[in-house]
Amino acid sequence: MAEELVFYSNPMSRGRIARWMLEEVSAPYRIEWLTFDGSMKSPEFLAINPMGKVPTIRHGETVVTEAAAICAYLADAFPEAGLAPPVEKRGDYYRWLFFAAGPLEMAVSLKAFGIEVPRERERSIGCGSYGAVMDSLSLAVTRQPYITGESFTAADVYVGAHISWGLQFGSLEPRPEFKAYWDRLKERPASKRATALDDEEMHRQLQAAKG
């Protein structure tokens with residue numbers, strides 16, 4: 001019997017990244033919806049993820065947290081989906097997957113909070129400057145059709161999700177190369193399914209909150 005795959009999420013969270021990846025690998029999973037100030041902080045969930053955050057997955061006895069790690073794990077756990085390059089060709093795959101999880105997320109968060117890193121301190125912080133991060137991201141999405149070349153991978157799920165949100169909410173510069181890259185991804189059937197499923201649950205929760 002296949003190990004059960006459980007997905008802990010909230011439709012108004014980074015769980016949307018993991019949902020997209022789950023739809024890409026086409027593995028059956030059970031979803032547990034959690035609330036930010038309620039069940040995410042429950043003793044039961046904190047025993048699974050001490051941060052009390054989503055997304056989180058439990059695959060059999062294996063627990064994986066952090067959206068980038070979930071994308072990488074699922075690509076390896078379900079190799080038939082073809083979402084990870086051969087190990088010897090994973091340089092760009094790992095580089096840009098964790099660039100988005102590290103410098104990109106940090107730079108965008110600092111900008112959103114109105115925090116500007118002094119030029120003389122840029123070498124002391126992982127993201128350097130916001131401009132340098134934007135230029136590096138532009139390089140990642142313009143050298144080839146996808147992050148690792150001609151084939152779509154889990155790295156595109158994670159980088160693509162960041163670009164989608166960044167363009168939607170204005171946290172990324174609206175560079176044409178970012179839009180062109182996202183336009184190549186947003187029509188993927190798995191992306192559309194994931195968005196529709198999360199939107200449906202989001203609307204249900206919002207209606208329930210209204211009473």
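By convention here, the first residue in the shown sequence is residue 1.
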Shared ILVMFWY cluster between [X] and [Y], side chains joined below 4.5 angstrom?
X    : Y    : answer
V25  : V159 : yes
L172 : W182 : yes
L104 : L167 : yes
W33  : L197 : yes
L139 : M134 : yes

Applying salt bridge (Lys or Arg N to Asp or Glu O under 4.0 Å), which residue pairs with at least one partner in [range] are found, sequence neighbours left out?
range            : value
residues 140-151 : D92-R143
residues 61-86   : D76-R90
residues 23-37   : E4-R30, E23-R193, E24-R188, R30-E32

S138: which residues meet the side-chain contact (heavy atoms from CB on, under 4.5 Å) condition with it, sequence neighbours left out? R175, E177, F178

Residues forming a side-chain contact (heavy atoms from CB on, under 4.5 Å) with S171, sequence neighbours excluded: V108

What's the shortest heavy-atom distance between [X] and [Y], and which atoms?
X    : Y    : result
A107 : Y130 : O-CD1, 3.9 Å
P103 : G126 : CG-O, 4.0 Å
W20  : G160 : CZ3-C, 4.3 Å
L97  : A155 : CD1-CA, 4.0 Å
C127 : V133 : O-CG2, 3.2 Å

With a cutoff of under 4.5 Å between side-chain heavy atoms, which Ile, Leu, Val, Met, Phe, Trp and Tyr residues group with I115? M106, L110, F113, V117, I125

Would you check if [X] and [Y] make a side-chain contact, meaning some heavy-atom pair closer than 4.5 Å?
X    : Y    : value
D156 : L83  : no
L22  : L5   : yes
P11  : D199 : no
Y158 : M21  : no
I163 : L137 : yes
F152 : R184 : no
T35  : K41  : no

Run the side-chain donor-acceptor check on residues 42-57: report pairs under 3.5 Å with partners two or more places apart or on a different chain.
from	atom 1	to	atom 2	distance (Å)
S42	OG	S39	O	2.8
S42	OG	F45	N	3.2
N49	OD1	M51	N	3.0
N49	ND2	K53	O	2.9
N49	ND2	T56	OG1	3.1
T56	OG1	K53	O	3.2

Exceeds 12 heavy-atom contacts within 6.0 angstrom, atom CD of E200: no

Decide side-chain contact (heavy atoms from CB on, under 4.5 Å) for I31 and E201; before the verdict, give the C-alpha distance in whole Å, the side-chain angles of both, and the deciding distance to 0.1 Å. CA-CA 11 Å; I31 191 160; E201 176 62 18; over 6 Å; no

Examine distances only and state if a side-chain atom of Q207 and a backbone atom of K210 form a donor-acceptor pair shorter than 3.5 Å. no

Can any side-chain N or O of S191 pair as donor or acceptor with the backbone N or O of E187 at less than 3.5 Å? no

Considering only residues two or more places apart or on different chains, which pairs with a residue in residues 99-120 satisfy side chain to side chain donor-acceptor pair (under 3.5 Å)? R14-E105

Less than 3.5 Å apart, any donor N or O on the side chain of R19 or Y29 sitting next to an acceptor on the other? yes

Value rounded to 0.5 Å, distance of OG in S13 from CG in D198: 7.5 Å

Rounded to the nearest 0.5 Å, how far does CE of M40 lie from OG of S9? 7.5 Å

Begin with the C-alpha distance, continue with both residues' side-chain angles, and end with the deciding distance and a verdict on side chain to side chain donor-acceptor pair (under 3.5 Å) for H59 and Y73. CA-CA 10 Å; H59 188 205; Y73 174 83; 2.8 Å; yes

ring-ring contact (aromatic ring centres under 6.0 Å, His included) partners of Y181, counting only residues at least two apart: none

Could you list all the ring-ring contact (aromatic ring centres under 6.0 Å, His included) pairs where at least one residue sits in residues 185-211, not counting sequence neighbours? none

Hey, could you give me each pair passing ring-ring contact (aromatic ring centres under 6.0 Å, His included) that has a residue in residues 85-108? Not counting sequence neighbours. W96-F99

Side chain to side chain donor-acceptor pair (under 3.5 Å) against R95, all qualifying residues, sequence neighbours excluded: none

